[in-house]
Protein chains: 2
Amino acid sequence: MSPPRSNTKDAILDTAESLLQERGFNAFSYQHISEQLGVKNAAIHYHFPNKAGLGVAVIERYNRNFHDWVARHQQRGTKPLAMLRGYFAIPLRFMRDGQKACPLGVLEAEFGAIPDPMRDAVRTLDADIRGFLSEALEQGRQQAVFQFNGTAQDKALLVVSALQGALQISRAAGTKAFMTVIRQIERDLGVEEQRDKISSQSLLVSR
Amino acid sequence: MSPPRSNTKDAILDTAESLLQERGFNAFSYQHISEQLGVKNAAIHYHFPNKAGLGVAVIERYNRNFHDWVARHQQRGTKPLAMLRGYFAIPLRFMRDGQKACPLGVLEAEFGAIPDPMRDAVRTLDADIRGFLSEALEQGRQQAVFQFNGTAQDKALLVVSALQGALQISRAAGTKAFMTVIRQIERDLGVEEQRDKISSQSLLVSR
DNA sequence: GTCTATAACGTGATAGAC
DNA sequence: GTCTATCACGTTATAGAC
């Protein structure tokens, strides 16, 4: 159902997504992409006639990938705590992969300066991520692996907000800040501190 | 010690700060400022020769204002809970004042695309804000008005992260999201739900 | 599908008159 | 301290050859 996918098109999306996370939407250009890709900017305009369309495509692909990830875990019957940690691992990878920010956070920070179609795509992505997390938290509470007050929706919103903020703050304050927030979130969910987390422990000691 | 402060200079800083919060650093220009101010862009270059300097000036003034605010409350002997809520009121004002984002969050989201001197200023601001909040939380814990696990520094980082993220998310998801996060933060600090918060209660009901 | 060439415009910034 | 005028450059985007 999708055979003639051009190789370049995906490469453009990869590069655009990466640049978006590094620089934000308004600070990367067709030139940046074309240079990194070794291709002329006209080629990019062939695949994505205008920048708004490219932006929307990046967000929608990101959301599709997220849905696939969720579906994969649901099929496997991944348990709530592993689900939560698998979710934490996503921004964690961003941070380790060159201090990237979360696309959602970047676009919401630039919300007043992005095209309307992108705003819609952002809203959808936000709703989908929170929907997923709400479910995981609610399941975990029912299985008594998480404890928290208020609705799962409210708690999910807090967790998503904290992760998004922490990832940004880590760009200024360093990796440790992000690990700290993850640890604090787990603490606040009543998840016991793990005994075998050597790296986390050393982080604790170092301040 | 500071008598000949040009009126225009402050007006430029006001406008730049506002534009920064609405559009981000890379999506506002000297033209935007000059149009809003009814002044030519050369006048702005007279006060701030380059954009990086303007950016730094905005951040540093913001930090000075924050310090003044803290000092004012410390002199008054404001109690921890009122301190916390006074702090919440800052981003709350941003949101109500045209869906503005927090300057810190915006700049950290754009961190890969802002000049070096601005990065330094951002790091300082971040450290100062968290320092203040850590103190307030620690005081509150000692007075048994807040309950939380972990160090006050860790909890402060979580709270700052959550507020920053929530303010951004609210641009896409609406005001309610921000109120929800504030309520959840208070819940997680063991602050009792207020009986007289009619608006908050109706928010709860509406979802 | 990718290229060269170019258009039309916004950007940060400077020189010099007033 | 603000203006007019202008510059060099980067931006998104298009036309048309290959």
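To find a chain, count down the sequence lines: A is the first, B the second, and so on, and within it residues start at 1. When reading the values below, keep in mind they use all heavy atoms of this one structure, side chains included, and skip hydrogens, waters and symmetry mates.
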- Message: A cation-pi test, strictly: NZ or CZ of A/Lys51 under 6.0 Å from the centre of the six-membered ring of A/Phe25 and no more than 45 degrees from its axis. Yes or no?
- Response: yes

- Query: Could A/Lys9 and A/Phe48 be counted as a cation-pi pair, given that NZ or CZ must be under 6.0 Å from the ring centre and within 45° of the axis?
  - Reply: yes

- Query: Does the separation of the ring centres of B/Phe132 and B/Tyr87 fall below 6.0 angstrom?
  - Reply: yes

- Task: Write down the distance between CZ (B/Phe48) and C1' (D/dG1), rounded to a whole number of angstrom.
- Result: 14 Å

- Query: Nearest nucleotide by nearest heavy atom, which residue falls closer to the 5' end of DNA chain D, B/Ala43 or A/Pro49?
  - Reply: B/Ala43

- Note on the structure: Here the distance between atom C1' of D/dT2 and atom CD1 of B/Ile12, to the nearest Å, is 11 Å

- Item | Distance test, side-chain N/O of A/Thr8 to OP1/OP2 of C/dT2, below 4.0 Å | yes

- Query: Atom NZ of B/Lys51 to atom P of C/dT14: distance rounded to whole Å?
  - Reply: 15 Å

- Which whole-number value in Å describes the distance from B/Asn50 CG to C/dT14 C1'? 13 Å

- Item | Gap between atoms NE2 and P, on B/His45 and C/dT14 respectively (whole Å) | 8 Å

- Message: Check whether A/Tyr30 forms a cation-pi arrangement with A/Lys40 (NZ or CZ under 6.0 Å from the six-membered ring centre, at most 45° off the ring normal).
- Response: no

- Item | Main-chain N/O of A/Glu22 paired with A/Arg171 side-chain donor or acceptor, under 3.5 Å | yes

- May I ask you to list the residues of residues 24-41 of chain A, by number, that have any heavy atom positioned under 4.0 Å from an atom of DNA chain D? A/Phe28, A/Ser29, A/Tyr30, A/Gln31, A/His32, A/Asn41

- Task: Report the distance from atom OH of B/Tyr46 to atom P of C/dA17, rounded to the nearest whole Å.
- Result: 17 Å

- Item | Atom-pair distance (CD1 on A/Ile44; C1' on C/dC3), nearest Å | 13 Å

- Query: Does the side chain of A/Asp128 come under 3.5 Å of the side chain of A/Asn63 through a donor N or O and an acceptor N or O?
  - Reply: yes

